[in-house]
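Notes follow once the structure below has been shown.
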Amino acid sequence: PRIEQGLPTICSETCVGRLRYLGLFLYDADKVLDAAATPDVQDLYQAQLDVFLDPHDPEVQAEAARAGIPHDWVEAAQRSPCYELAVRHKVALPLHPEYRTLPMVWYIPPLSPVADVVNAAGYDAANPDNVFATIDALRIPIEYLANLFTAGDAELIRTVLRKLTVVRTMQRAAQLGLEVDERLPASVGATADDLDDLYRLLAIAKYEERY
């Protein structure tokens with residue numbers, strides 16, 4: 001009932017850690033059945049992404065108007081933090097895609113601390129952000145996260161964790177006046193502006209930007 005009145009759910013609004021986001025997706029209903037029937041379970045994640053429509057696309061906007069979808073719904077989809085996290089930045093993942101329910105509650109895998117810093121291969125004590133070589137040594141095993149979010153595709157989890165690591169690295173460098181390799185954003189398929197936007201959304205987004 002709160003959502004129907006344009007209000008966020010109580011669990012979202014009162015989340016002390018500001019961990020919950022609510023947002024509207026436009027999607028192609030005609031593609032849902034084919035997406036859910038994708039043969040390889042590890043392809044279901046991309047299949048669901050392909051169901052979502054870009055609310056900034058003029059053709060999508062025109063079709064929405066023809067279908068009688070209110071314009072403020074399209075505007076809400078354009079502002080949707082969930083669309084940004086799942087589709088644009090690709091850091092949010094569906095829970096158990098292998099169940100073929102095409103879930104609309106998505107999760108960002110946690111960048112947990114390194115389980116054993118002293119013995120973690122590749123750890124550089126002089127550079128705490130140099131954790132690429134230690135992602136497989138994180139406290140929450142990648143395989144566990146892969147079983148939750150990617151039907152066992154550990155490489156996709158690594159991709160997300162690497163992007164989150166680069167966000168942290170660049171923000172730390174900016175705060176401390178450190179130099180950072182200008183090739184770092186491209187190494188995770190992003191630009192510096194993309195990573196700044198992701199940081200803003202995850203760390204300092206205002207109330208109206210999270211819902």
Side-chain angles (χ1 to χ4, degrees), residues 1-29 31-32 35 44-61 63-64 69-97 101-112 140 145 148-150 156-157 159-172 174 185 188-211:
R2 286 176 61 87
I3 290 177
E4 291 171 358
Q5 297 176 46
L7 299 172
T9 59
I10 289 293
C11 61
S12 296
E13 191 165 40
T14 60
C15 179
V16 175
R18 301 194 307 168
L19 299 176
R20 300 173 187 266
Y21 295 73
L22 288 176
L24 189 151
F25 280 101
L26 299 180
Y27 64 93
D28 188 338
K31 291 183 177 180
V32 170
L44 284 164
Y45 162 67
Q46 185 59 52
Q48 186 169 1
L49 285 182
D50 292 341
V51 169
F52 297 142
L53 301 174
D54 182 357
H56 299 281
D57 185 337
E59 293 186 8
V60 171
Q61 295 173 17
E63 185 58 34
I69 295 176
H71 184 63
D72 60 346
W73 286 26
V74 176
E75 291 179 336
Q78 292 173 343
R79 299 191 309 270
S80 170
C82 298
Y83 180 87
E84 292 290 297
L85 294 171
V87 181
R88 180 184 169 206
H89 294 298
K90 290 185 172 62
V91 295
L93 301 169
L95 181 65
H96 286 301
T101 57
L102 302 190
M104 293 298 282
V105 178
W106 290 39
Y107 299 82
I108 298 177
L111 188 62
S112 61
I140 301 177
L145 296 174
L148 284 177
F149 304 125
T150 61
L156 183 53
I157 297 293
T159 298
V160 172
L161 296 182
R162 285 174 66 93
K163 180 172 284 190
L164 296 176
T165 299
V166 172
V167 169
R168 192 185 74 159
T169 298
M170 296 192 66
Q171 290 299 321
R172 180 174 181 272
V188 292
T191 67
D193 288 342
D194 290 335
L195 299 179
D196 280 343
D197 183 64
L198 182 55
Y199 165 73
R200 179 197 59 76
L201 188 58
L202 292 177
I204 58 176
K206 303 297 184 184
Y207 178 93
E208 63 274 8
E209 296 175 304
R210 291 186 289 119
Y211 308 128

Residue list, ring-ring contact (aromatic ring centres under 6.0 Å, His included) with [X], at least two apart or on another chain:
{"X": "Y45", "result": "none"}
{"X": "F149", "result": "Y107"}
{"X": "F25", "result": "F52"}
{"X": "H96", "result": "Y99"}

What distance do [X] atom [atom1] and [Y] atom [atom2] have between them, rounded to the nearest 0.5 Å?
{"X": "L93", "Y": "L145", "atom1": "CG", "atom2": "CG", "answer": "9.5 Å"}
{"X": "I157", "Y": "R162", "atom1": "CD1", "atom2": "CZ", "answer": "14.0 Å"}
{"X": "T101", "Y": "L95", "atom1": "OG1", "atom2": "CG", "answer": "8.0 Å"}

Could you report the tightest heavy-atom contact between [X] and [Y], atom names first, then the distance?
{"X": "P81", "Y": "G23", "result": "CD-CA, 4.2 Å"}
{"X": "P97", "Y": "L44", "result": "O-CD1, 3.1 Å"}
{"X": "Q48", "Y": "M104", "result": "NE2-SD, 3.8 Å"}
{"X": "L195", "Y": "K163", "result": "CD2-CG, 4.1 Å"}
{"X": "P185", "Y": "T191", "result": "CB-C, 3.8 Å"}
{"X": "L161", "Y": "L111", "result": "O-CD1, 3.9 Å"}

Problem set entry | Set of salt bridge (charged side-chain N to carboxylate O under 4.0 Å, His left out) partners for E75, sequence neighbours left out |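 Expected list: none.
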Exercise. Under the salt bridge (Lys or Arg N to Asp or Glu O under 4.0 Å) rule, what pairs show up with a residue in residues 195-208, not counting sequence neighbours?
Worked result: R88-D197, D197-R200, R200-E209
Exercise. Any salt bridge (Lys or Arg N to Asp or Glu O under 4.0 Å) pairs touching residues 103-112, not counting sequence neighbours?
Worked result: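 Applying salt bridge (Lys or Arg N to Asp or Glu O under 4.0 Å) to every pair that reaches into residues 103-112, excluding sequence neighbours, yields nothing.
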Exercise. Which is it for D50 and K31 under the side-chain contact (heavy atoms from CB on, under 4.5 Å) test, yes or no, and what are the steps along the way?
Worked result: CA-CA 8 Å; D50 292 341; K31 291 183 177 180; 5.6 Å; no
Hey, does [Y] have a side-chain heavy atom less than 4.5 Å from the side chain of [X]?
{"X": "L201", "Y": "E84", "answer": "yes"}
{"X": "P55", "Y": "L24", "answer": "no"}
{"X": "P94", "Y": "L102", "answer": "no"}

Under the side-chain contact (heavy atoms from CB on, under 4.5 Å) test, residues paired with [X] that sit two or more places apart:
{"X": "Y199", "answer": "V167, Q171, A203, I204"}
{"X": "L19", "answer": "C15"}
{"X": "A92", "answer": "L85, A86, W106, I108"}
{"X": "V60", "answer": "L26, L53, D57"}

Exercise. Restricting to pairs with a member in residues 7-16, which pass side-chain hydrogen bond (donor to acceptor under 3.5 Å, both in side chains), not counting sequence neighbours?
Worked result: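 side-chain hydrogen bond (donor to acceptor under 3.5 Å, both in side chains) check on residues 7-16 returns R2-E13, T9-S12, E13-Y207.
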For this session: I would like to know whether L49 and V87 meet side-chain contact (heavy atoms from CB on, under 4.5 Å); could you show each step before the answer?
Result: CA-CA 7 Å; L49 285 182; V87 181; 4.1 Å; yes
